[in-house]
> 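Before I ask anything, let me first share the structure, which is written out below as structure tokens.
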There are 2 protein chains.
Amino acid sequence: MQHSEEIVNKKIEELKNECKKRGMRVTPQRIVIYREVAKSCVHPDAEAVYESVKKELPNISFDTVYRTLASLEDMGMIFRVDNQLPKARFDADKTPHHHFLCVNCGEVYDIKLEDKEDLKIPAHAAEFGDIKDMNLQVRGICNKCKTNK
Amino acid sequence: MQHSEEIVNKKIEELKNECKKRGMRVTPQRIVIYREVAKSCVHPDAEAVYESVKKELPNISFDTVYRTLASLEDMGMIFRVDNQLPKARFDADKTPHHHFLCVNCGEVYDIKLEDKEDLKIPAHAAEFGDIKDMNLQVRGICNKCKTNK
DNA sequence: ACTGTTATTAAGAATAATTCTTAATAACAA
DNA sequence: TTGTTATTAAGAATTATTCTTAATAACAGT
């Protein structure tokens, strides 16, 4: 399943504004790469983004995908999902939520929060420096992997 | 600062027991590598472990460090710290705690929890599968990096 | 203690993910 | 339309990690 085109288009407008604000050029590569991450629900890795983007921009290079994902991250338009795997995975959802990581297949699922479940910053966290963000990782075996064993 | 020798020795006994229980051999490499992680407070990466271990076992190979860290992780004796960096970092502390990750220098700090601060599993988390563990990452700029700018 | 079995190791080659280098291209300001 | 310069494609290079192979050593059984 993918996020609706309406929501994705709104996010692309936001990207364009953010680019202009920062003096960055609005290139088709940037738009298409961001759209891939924004519309996907599976927190794709660089390779998955590359494969999808290639359908629209067949000459895209792997380097452009990596470079663009890094710059989108710098802009705060996407986030890297903390995982313990060699491949980085990306998420364009800025609203507070957590992740369920399957230790077997590496799949990442979004955990929606109940109203009262927003995380409190641990009392001792601020002792170490200025906090930028915070997120909770739940690790386990996903339902798909459970049945496939 | 490092963990006290007394605590570390206790952990090494636990490692030996765990090895025997699993039919794994108690080799000097395994002990020394585990001791490095157990006594360190900085969540060392494989390279840091390798450099320290080499002082005691000059012929140790990089591969042995990687292989041993992976097997210690399988045994549940150490954990990989989730980070967004290419180098994996390890932690031998099994008590519940969180991490402050500096996005600038990559340093990892332990966040001790107040008594009432234990994490609740998010209501929707279990929908995705069987939960193994859970941890909170706080990201920001550490004090050291703040002053060095 | 000795011996055989087999897990573990060292060494270095191989791999996988990512980043760098360079010259060409294209966004966009003027 | 043009010039400036950020961005790109291509492919080489790098970095962290894993694999392959033959040698070594832990330890169970004698």
Side-chain angles (χ1 to χ4, degrees), chain A residues 12 15-34 36-37 43-51 53-75 77-78 80-90 106 108, chain B residues 12 15-34 36-37 43-51 53-75 77-78 80-90 106 108:
Chain A
I12 288 174
L15 169 64
K16 289 179 181 170
N17 291 334
E18 197 59 30
C19 282
K20 281 166 195 158
K21 197 198 294 179
R22 291 166 177 258
M24 295 168 67
R25 294 177 184 173
V26 178
T27 64
Q29 289 88 343
R30 218 161 247 170
I31 301 296
V32 175
I33 288 168
Y34 178 67
E36 267 328 301
V37 181
H43 313 80
D45 57 29
E47 197 182 352
V49 173
Y50 173 69
E51 291 303 333
V53 167
K54 230 172 25 177
K55 289 173 194 154
E56 212 165 326
L57 301 172
N59 291 322
I60 193 90
S61 74
F62 229 122
D63 174 68
T64 298
V65 173
Y66 275 105
R67 192 169 16 79
T68 303
L69 288 171
S71 68
L72 291 171
E73 193 189 7
D74 280 347
M75 298 168 81
M77 293 299 296
I78 65 174
R80 213 168 273 259
V81 178
D82 282 348
N83 63 16
Q84 299 171 331
L85 303 167
K87 290 182 164 191
R89 301 183 68 147
F90 297 89
V108 179
Chain B
I12 288 174
L15 169 64
K16 289 180 181 170
N17 292 334
E18 196 60 29
C19 281
K20 280 166 194 157
K21 197 199 291 181
R22 292 166 177 257
M24 292 168 69
R25 292 176 185 175
V26 178
T27 65
Q29 289 88 342
R30 217 158 248 170
I31 301 295
V32 176
I33 288 168
Y34 178 67
E36 268 326 301
V37 181
H43 313 79
D45 58 29
E47 197 181 351
V49 173
Y50 174 68
E51 291 303 334
V53 167
K54 230 175 19 180
K55 288 174 195 154
E56 211 165 329
L57 301 172
N59 291 322
I60 194 89
S61 73
F62 230 121
D63 175 68
T64 299
V65 172
Y66 275 104
R67 193 168 17 77
T68 303
L69 289 171
S71 68
L72 291 172
E73 193 188 7
D74 280 347
M75 299 167 81
M77 293 298 296
I78 65 174
R80 215 170 273 259
V81 178
D82 282 349
N83 62 16
Q84 300 171 331
L85 303 167
K87 291 182 162 189
R89 300 184 68 147
F90 298 89
V108 179

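Letters go in sequence order (proteins before strands), and every chain restarts at 1. The structure displayed is predicted, hence computed values, not measured ones.
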> Hey, does the side chain of A/R89 reach the backbone of A/H43 with a donor-acceptor pair shorter than 3.5 angstrom?
yes

> Heavy-atom nearest nucleotide on DNA chain D for B/D45 versus B/V26: which residue maps closer to 5'?
B/D45

> Calculate the interatomic distance between B/R89 atom CZ and D/dA16 atom P; express it in whole Å.
12 Å

> Can you list the steps and then say if A/M77 with A/V37 is a side-chain contact (heavy atoms from CB on, under 4.5 Å)?
CA-CA 10 Å; A/M77 293 299 296; A/V37 181; over 6 Å; no

> Treat primed atoms plus P, OP1 and OP2 as sugar-phosphate and everything else as base, then score nucleotides 7-15 of chain D 5' to 3': B for base contact with protein heavy atoms under 4.0 Å, S for sugar-phosphate contact only, - for none.
SBBBB----

> Between B/Y66 and B/K20, name the one whose nearest nucleotide on DNA chain D is closer to the 5' end.
B/Y66

> Among B/I33, B/V49, B/V53, B/I60, exactly one meets side chain to side chain contact (heavy atoms under 4.5 Å, CB included) together with B/T68. Which residue is that?
B/I33

> I need the B/I78 CD1 to B/L69 CG distance, nearest 0.5 Å.
4.5 Å

> Let me check the geometry of the helix from C/dA1-D/dT30 to C/dA30-D/dT1. What is the bend angle between the axes at its two ends, five pairs each, to 10°?
50°

> Between B/Q84 (CD) and C/dA17 (C1'), how many Å, whole number?
16 Å

> Taking only residues two or more places apart in sequence, or in another chain, which ones meet B/K55 in a side-chain hydrogen bond (donor to acceptor under 3.5 Å, both in side chains)?
none

> Could you check whether any side-chain N or O of A/R80 sits under 3.5 Å from a backbone N or O of A/E73, counting only pairs where one atom can act as donor and the other as acceptor?
no

> Roughly how far, to the nearest 0.5 Å, is CD of A/E56 from CD of A/E36?
7.5 Å

> Could you give the NZ-to-P distance, from A/K16 to C/dC28, as a whole number of Å?
10 Å

> Take the protein atom CG of B/N83 and the nucleotide atom C1' of D/dA16, then report the distance between them rounded to whole Å.
12 Å

> Can you tell me how far apart NZ (B/K87) and CD (B/E47) are? Round to the nearest 0.5 Å.
4.0 Å

> Send over the distance from A/D74 CG to C/dT19 P, rounded to a whole Å.
11 Å

> Taking atom CG of A/D82 and atom CG of B/L85, what is their separation to the nearest 0.5 Å?
9.0 Å

> Roughly, in whole Å, what's the span from CZ in B/F62 to P in D/dT18?
12 Å

> Tell me what A/A88 touches on the nucleic acid: a base, only sugar-phosphate, or nothing, going by heavy atoms under 4.0 Å.
sugar-phosphate

> Expressed as a whole number of angstroms, how long is the span from B/L85:CG to C/dA17:P?
18 Å

